[in-house]
Amino acid sequence: MILRLALPLLLAAAPLAAQPSPRTYPLEKGDTVRVTTLASAPGRIVGEVAEVDSARIVLIRKPDYRRAEIPVAEVLDVSVYRGRNHLNGLLLGAGVGAAGGYAVTTFWLNAAYENDEWNEFYALLVGAPLGALVGGLAGGVAGLPRWVPVYPVRGGGVGVAVSVPVP
């Protein structure tokens, strides 16, 4: 009986305990930000912060360096650029490289050896790891951009559990 009551509570509390507290980064002059507004809903405005006050955000847009004034009331989402994530770039590059290496090696072996039954095995054994190595190196060096959400503040929340008694 106690286990039936305690288990759903533990399962509901586990995601709440695992979530880090949300951090907010105040916008400062010179920060690179990505802003989604009501007017630019299909796309985003990317630029460098020139001014911030309670009524508007002024950006110098990239790449054309035009000035953009955005009323705070129209802002849907703001993210701040915080460098590049090289680990995610490595993982993505390795996955894409492995798939590309396998495909290219299979195509090349089938053309050279007229559909030998071992071609796919050799492509998996040699082509995929070589492709993963090349793609992982390229992705790790380049990295992926890391955007940290500032507004709306995400995180927190409430966990919900459903208990189904088992006879």
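Computed over heavy atoms, backbone and side chain alike; hydrogens, waters and symmetry mates excluded.
- In terms of heavy-atom proximity, V80 sits nearest to V150 at CG2-CG2, 3.1 Å.
- In plain terms, the two heavy atoms of V58 and R56 that are nearest each other are CG2-NH1, 2.9 Å.
- Y102 and V96 fall into different hydrophobic clusters, where Ile, Leu, Val, Met, Phe, Trp and Tyr residues are linked whenever their side-chain heavy atoms come under 4.5 Å apart, directly or through other members.
- In this structure, L130 CG and L125 CG are separated by 9.5 Å, a value rounded to the nearest 0.5 Å.
- Contacts of T32 classified as side-chain hydrogen bond (donor to acceptor under 3.5 Å, both in side chains), with partners at least two apart in sequence or in another chain: K62.
- In this structure, F107 CZ and N119 CG are separated by 12.0 Å, a value rounded to the nearest 0.5 Å.
- Atom CD of E48 has more than 12 heavy atoms from other residues, nucleotides or ligands within 6.0 Å.
- Atom-to-atom distance recorded for R44:CZ and L76:CG is 10.5 Å, nearest 0.5 angstrom.
- In terms of heavy atoms, T106 sits closest to A123 at OG1-CB, 3.1 Å.
- Hydrophobic cluster membership differs between L133 and V126, with clusters built from Ile, Leu, Val, Met, Phe, Trp and Tyr side chains linked at under 4.5 angstrom.
- Between the side chain of D31 and the backbone N or O of V33, no donor-acceptor pair lies under 3.5 Å.
- Between L87 and N85, the shortest heavy-atom contact is N-OD1, 3.2 Å.
- Between R61 and I45, some side-chain heavy-atom pair lies under the 4.5 Å cut-off.
- Across all their heavy atoms, P149 and S79 have their closest contact at CA-OG, 3.8 Å.
- L38 CG to I70 CD1: the interatomic distance, rounded to the nearest 0.5 Å, is 11.0 Å.
- The side-chain hydrogen bond (donor to acceptor under 3.5 Å, both in side chains) test applied to R67 returns E51, not counting sequence neighbours.
- Here the straight-line distance linking atom CD of E120 with atom CG of N110 works out to 7.0 Å at 0.5 Å rounding.
- Without hydrogens or angle criteria, R82 side chain to V148 main chain gives no donor-acceptor distance under 3.5 Å.
- The backbone N or O of A142 lies less than 3.5 Å from a partner atom in the side chain of R84, making a donor-acceptor pair.
- Between W147 and V46, the closest side-chain pair of non-hydrogen atoms falls below 4.5 Å.
- Both V35 and V72 are assigned to one and the same hydrophobic cluster, defined by single-linkage of ILVMFWY side chains at heavy-atom distances under 4.5 Å.
- In the hydrophobic cluster analysis, where Ile, Leu, Val, Met, Phe, Trp and Tyr join through side-chain heavy atoms closer than 4.5 angstrom, L27 is grouped together with L59.
- Going from atom CD1 of I60 over to atom CZ of R66 covers 11.5 Å, rounded to the nearest 0.5 Å.
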